Amino acid sequence: MNHISETLTEVKTDILHASISLEKEKSERNQKEDSVRMLKARRAIEKYIEEKRLHQAISDGWDE
């Protein structure tokens, strides 16, 4: 009976470690995806601002 109890404890420990590993991988993947989204958003904002400046510069050039 003691052997069965030890084996069960080992299995439970392995399952716990596997669960923790999966959660860590999921967290890392989510963090990476969030970073990619933030980078895309920042680039889109920078592009918008640059286009706005370009349009303003062109407009200012035609008015003078």
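Here the structure is a predicted model, which means the values were calculated and not measured.
For the side-chain contact (heavy atoms from CB on, under 4.5 Å) with E50, the qualifying choice from K52, R53, E46 is R53, the only one to do so.
Here the CG-CD distance, from D34 to Q31, works out to 8.0 Å after rounding to the nearest 0.5 Å. Summarising the geometry, atom OG1 belonging to T9 is positioned 11.5 Å from atom CD1 belonging to I4; distances are rounded to the nearest 0.5 Å. To the nearest 0.5 angstrom, K12 atom NZ is 9.0 Å from I15 atom CD1.
Linking Ile, Leu, Val, Met, Phe, Trp and Tyr residues whenever their side-chain heavy atoms come within less than 4.5 Å leaves L39 and V36 in two separate clusters.
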Report all side-chain donor-acceptor pairs from residues 19-29 shorter than 3.5 Å, counting only partners two or more places apart or in another chain.
unit_1	atom_1	unit_2	atom_2	d
S21	OG	H17	O	3.1

